[in-house]
Amino acid sequence: MNISVNGQRKTISIAKLTMALEELGYKHMKLATALNGEFISVDERNNTNLKEGDKLEVLSPQQGG
Amino acid sequence: MKDFYGFKPKSQLMLGTAQYPSPSILVSSFKKSNASVATVSLRRESGNINSGNSFWSIIKDLNVKILPNTAGCHTVKEAVTTAHMAREIFKTKWIKLEVIGEEDTLQPDVFGLVEAAKILSEEGFEVFPYTTEDLVVADKLLKSGCKVLMPWGSPIGSGQGLNNIFGLKALRSHFPDIPMIIDAGIGLPSHATRAMEMGFDAVLLNTAVAKAGNPIMMAEAFSHAIVAGALGYESDPMEPRDMANPSTPIIGKAFL
């Protein structure tokens with residue numbers, strides 16, 4: 001299915017968010033996720049299934065003022 | 001010294017982590033600054049680069065308190081969601097709450113700020129609201145659950161210093177027991193000294209150090225400036241006079 005990841009179109013084969021993150025290359029990373037504008041905690045990722053057209057944001061610690 | 005949600009900092013300087021020429025200069029600047037708190041953000045992660053983990057490994061070794069921000073958020077929803085993400089990733093209840101209302105000045109949307117502060121305070125966050133010097137807004141933020149205020153000195157990254165001395169003095173006087181941090185617009189060490197001399201409890205800055213020609217030296221300058229201003233305030237300065245008053249005694253002067 002096709003979804004948007006950080007504003008870029010990506011194709012994934014797994015619906016479960018935890019697995020999809022690994023498929024997208026996000027393995028063993030310090031990450032926070034939001035799906036269609038809603039925060040998805042680490043605990044919720046296992047129970048969250050992605051669907052066609054979803055908008056996923058994957059954020060990590062960065063410089064800030 | 002007032003505490004910030006129970007945290008008593010070793011120094012009253014809080015430093016941002018953005019825009020340094022290199023990671024090593026960031027680390028050296030922090031060491032020279034003696035800063036007690038580092039601000040950080042959340043940004044999009046590319047799965048290939050893993051920049052977040054690299055950055056985090058540097059920051060956690062600084063041994064400072066982490067203050068995540070909601071920089072760049074323009075709506076209450078964006079700010080609240082970002083705060084939720086920051087709480088999980090940084091394992092802290094602290095959040096520097098920014099709800100930006102205007103692009104040219106990056107001035108806070110104080111209506112959205114109050115609304116977001118209420119939501120987050122009720123959820124157990126310890127909110128550091130980036131606000132203006134407006135007394136009414138300050139009062140509403142305190143009533144929303146904030147126990148710290150962060151009034152701006154001048155627009156973010158402008159280096160203009162304290163643009164509204166009268167307004168900041170009024171804010172400080174009106175809420176004498178509230179911990180207040182001057183955030184944004186500081187360009188020179190003397191600006192930070194002035195803020196501390198006025199009785200503010202800390203200064204948060206980033207660009208003034210990161211964009212200096214010599215960030216490490218500037219960080220050290222700010223560490224001294226903060227201490228000088230705080231000591232000046234604590235030592236109860238003299239009242240200014242309109243006319244001269246000789247400091248050398250008149251009595252005993254020779255008649256020549």
Side-chain angles (χ1 to χ4, degrees), chain A, chain B residues 14-20 23 26 38-60 66-72 75 77-78 80-91 96 98 106 130 156-157 183-184 204-211:
Chain A
M1 76 181 87
N2 294 313
I3 63 169
S4 163
V5 180
N6 290 343
Q8 292 191 325
R9 184 184 155 106
K10 300 277 184 182
T11 302
I12 56 171
S13 60
I14 309 166
K16 194 177 286 292
L17 179 54
T18 314
M19 305 296 286
L21 284 170
E22 288 192 14
E23 186 183 4
L24 289 162
Y26 297 107
K27 199 171 182 182
H28 306 308
M29 288 190 192
K30 195 173 178 66
L31 302 171
T33 51
L35 183 60
N36 301 322
E38 302 295 332
F39 170 56
I40 305 291
S41 69
V42 172
D43 292 341
E44 292 169 323
R45 284 180 203 161
N46 247 337
N47 302 321
T48 301
N49 288 316
L50 300 168
K51 60 182 187 308
E52 181 75 23
D54 272 349
K55 291 179 179 171
L56 178 65
E57 292 287 333
V58 184
L59 308 186
S60 67
Q62 299 291 340
Q63 299 87 346
Chain B
M14 303 180 176
L15 196 55
T17 57
Q19 306 183 84
Y20 291 82
L26 184 157
T39 51
V40 295
S41 73
L42 285 175
R43 287 293 180 265
R44 286 172 164 175
E45 172 67 53
S46 155
N48 304 322
I49 299 170
N50 198 1
S51 58
N53 277 17
S54 306
F55 173 72
W56 182 242
S57 68
I58 294 168
I59 297 304
K60 70 182 182 189
I66 300 299
L67 176 57
N69 67 29
T70 64
T75 66
K77 185 173 189 304
E78 269 187 309
V80 169
T81 302
T82 302
H84 288 153
M85 298 170 92
R87 180 168 59 179
E88 179 181 78
I89 210 162
F90 295 111
K91 310 273 189 282
K96 180 188 167 191
E98 297 182 31
L106 297 179
Y130 164 63
I156 294 170
D183 173 27
L204 198 166
L205 57 97
N206 188 155
T207 312
V209 167
K211 287 298 187 187

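Below, read A as the first sequence line, B as the second, and so on, with proteins coming before strands; counting in each chain starts at 1. Because only heavy atoms are used, hydrogens play no part in the values below, and waters and symmetry mates are left out as well, while side chains stay in.
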Worksheet item: Side chain, backbone, both or neither: which part of Leu21(A) has a non-hydrogen atom closer than 4.5 Å to chain B?
Response: neither
Discussion item. Can you tell me if Gln8(A) has over 12 outside heavy atoms packed within less than 6.0 Å of its CD?
Written reply: no
Worksheet item: Can you say whether Val5(A) sits under 4.5 Å from chain B via the side chain, the backbone, both, or neither, judging by heavy atoms?
Response: neither
Item to complete: Specify the closest pair of heavy atoms between Thr81(B) and Ala34(A), including all atoms of both residues, with the distance to one decimal.
Response: CG2-CB, 4.5 Å
Worksheet item: Is any side-chain heavy atom of Ile89(B) closer than 4.5 Å to a side-chain heavy atom of Pro61(A)?
Response: yes
Worksheet, complete the sentence: Closest heavy-atom pair, Ala18(B) versus Gly65(A), reported as atoms and distance to 0.1 Å, is CB-N, 4.4 Å
Worksheet item: Which bit of Ser54(B) is near chain A, if near means a heavy-atom gap under 4.5 Å: side chain, backbone, both or neither?
Response: neither
Worksheet item: Does anything in residues 53-65 of chain A pair up under side-chain hydrogen bond (donor to acceptor under 3.5 Å, both in side chains), and if so which pairs, sequence neighbours excluded?
Response: Asn36(A)-Asp54(A), Lys51(A)-Asp54(A), Glu57(A)-Arg44(B), Ser60(A)-Gln62(A), Ser60(A)-Glu45(B), Gln62(A)-Ser51(B)
Discussion item. Taking side chain as everything from C-beta outward and backbone as N, CA, C, O, which of these in Glu78(B) sits under 4.5 Å from a heavy atom of chain A? Side chain, backbone, both or neither.
Written reply: neither
Worksheet entry | Within 6.0 Å of NZ in Lys16(A), more than 12 heavy atoms from elsewhere | yes
Worksheet item: Thinking salt bridges, do Glu88(B) and Lys30(A) make one under a 4.0 Å N-O criterion?
Response: no
Worksheet item: Hey, is NZ on Lys27(A) packed in by over 12 heavy atoms from elsewhere, all under 6.0 Å?
Response: no
Item to complete: Give a yes or no on this: more than 12 heavy atoms of other residues, nucleotides or ligands lie within 6.0 Å of atom CE of Met29(A).
Response: yes
Worksheet item: At what distance, to the nearest 0.5 angstrom, does CZ of Arg87(B) lie from CZ of Phe39(A)?
Response: 7.5 Å
Worksheet item: When rounded to the nearest 0.5 angstrom, what distance separates NE2 in His84(B) from CD1 in Ile40(A)?
Response: 12.0 Å
Discussion item. Just to verify, what does Thr33(A) make a side chain to side chain donor-acceptor pair (under 3.5 Å) with, not counting sequence neighbours?
Written reply: Arg45(A)
